[in-house]
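A short write-up of the structure that comes next.
Each ligand, and each atom within it, is numbered from 1 in the order the structure gives. Along the sequence shown, residues are numbered consecutively beginning with 1.
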Amino acid sequence: MKIAIMGAMVEEITPLLEFFGKYETIEHAKNRYYTTSYKGMDLVIAYSKIGKVNASLTASTLIEKFGAQKLLFSGVAGALNPSLKVGDLLVATKLAQHDLDITAFGHPHGYVPEGSVYVETDKALTSLAKKVAFAQKIPLLEGIIATGDQFICDGVKKEWIHTTFNADATEMEGASVAVVCDALNVPFCVLRAISDAADMDAGFSFDEFLVSSAKESAQFIIAMLDEL
Ligand SMILES: CCCCCCN(CO)Cc1c[nH]c2c(N)ncnc12
């Protein structure tokens with residue numbers, strides 16, 4: 001079984017590379033892909049760089065070039081749901097693109113013809129995440145993620161995304177990974193640890209908690225591998 005583990009920023013996969021210790025590095029399309037094996041599974045690890053376009057390229061490459069049969073995304077996100085605090089873990093049930101907008105033609109936000117507002121994650125992977133959380137007594141929220149090519153750091157935009165998509169968290173890659181995995185028929189999950197509240201203090205909070213929240217998400221992904 002070949003499993004891809006993807007992040008957007010180097011901080012999101014560094015904890016993984018440190019854990020696995022030894023790996024091959026393959027340069028491709030202005031990026032680096034790290035391959036290793038773990039408990040009989042082949043792993044390919046990469047961070048895409050920030051944003052939906054970078055994430056789409058990396059997710060496609062992980063599947064089409066490296067043959068990933070499942071894709072696990074690990075990273076950090078901004079909280080939209082007021083009950084989510086810094087350090088909390090969220091596993092996505094479905095994801096939407098909050099900045100995809102052809103509402104001028106009467107379509108809902110996040111929708112384009114022949115598409116859908118939401119893409120659902122793999123139910124088996126999501127329930128595995130819940131099982132691991134239960135076993136480790138870690139609170140894990142199942143929720144909706146709204147993805148867009150903006151770092152959200154003001155209350156008005158935060159509330160608009162929260163309300164428009166009923167979203168619990170926001171980030172900049174998940175929904176594009178979802179579209180790619182869905183189109184290529186690869187089961188995927190998106191796990192995010194909260195780094196900020198997507199409000200006026202989000203930049204400072206993100207800077208302070210990126211590393212610790214990224215580590216938390218990565219450690220949880222490793223715990224999932226043990227149960228895969
Ligand atoms: C150099 C700074 C790069 C920020 C990248 C943020 N990632 C994008 O996936 C996650 C994220 C954490 N908090 C967020 C927020 N409030 N809005 C959007 N995205 C996020």
On the 0 to 90° scale, with breaks at 30° and 60°, tag the F151-F206 ring pair as parallel, tilted or perpendicular.
perpendicular
When you measure from [atom] to every protein heavy atom, which one gives the shortest distance, and what is it?
atom                    : value
atom 9 (O) of ligand 1  : E173 OE1, 2.4 Å
atom 1 (C) of ligand 1  : I50 CD1, 4.2 Å
atom 19 (N) of ligand 1 : E171 CA, 3.3 Å

Should you measure from each heavy atom of [X], which atoms of ligand 1 turn up under 4.0 Å away?
X    : result
S195 : 12 (C), 13 (N)
A77  : 11 (C), 12 (C), 13 (N)
A198 : 16 (N)

Return yes when Q150 approaches ligand 1 closer than 4.0 angstrom through a heavy atom, no otherwise.
yes
Is C153 near ligand 1, meaning one of its heavy atoms is under 4.0 Å from it?
no
Taking Y33 as the fixed residue, which of I45, T25, L62 is the one that meets the side chain to side chain contact (heavy atoms under 4.5 Å, CB included) rule?
L62
Do L228 and L125 come close enough that some side-chain heavy atom pair is under 4.5 Å?
yes
side-chain hydrogen bond (donor to acceptor under 3.5 Å, both in side chains) with T147: which of Q97, E173, E171?
E171
Check K70 with D122, please: is the shortest side-chain N to carboxylate O separation under 4.0 Å?
no
Do any nitrogen or oxygen atoms of M172 lie less than 3.5 angstrom from nitrogen or oxygen atoms of ligand 1?
yes
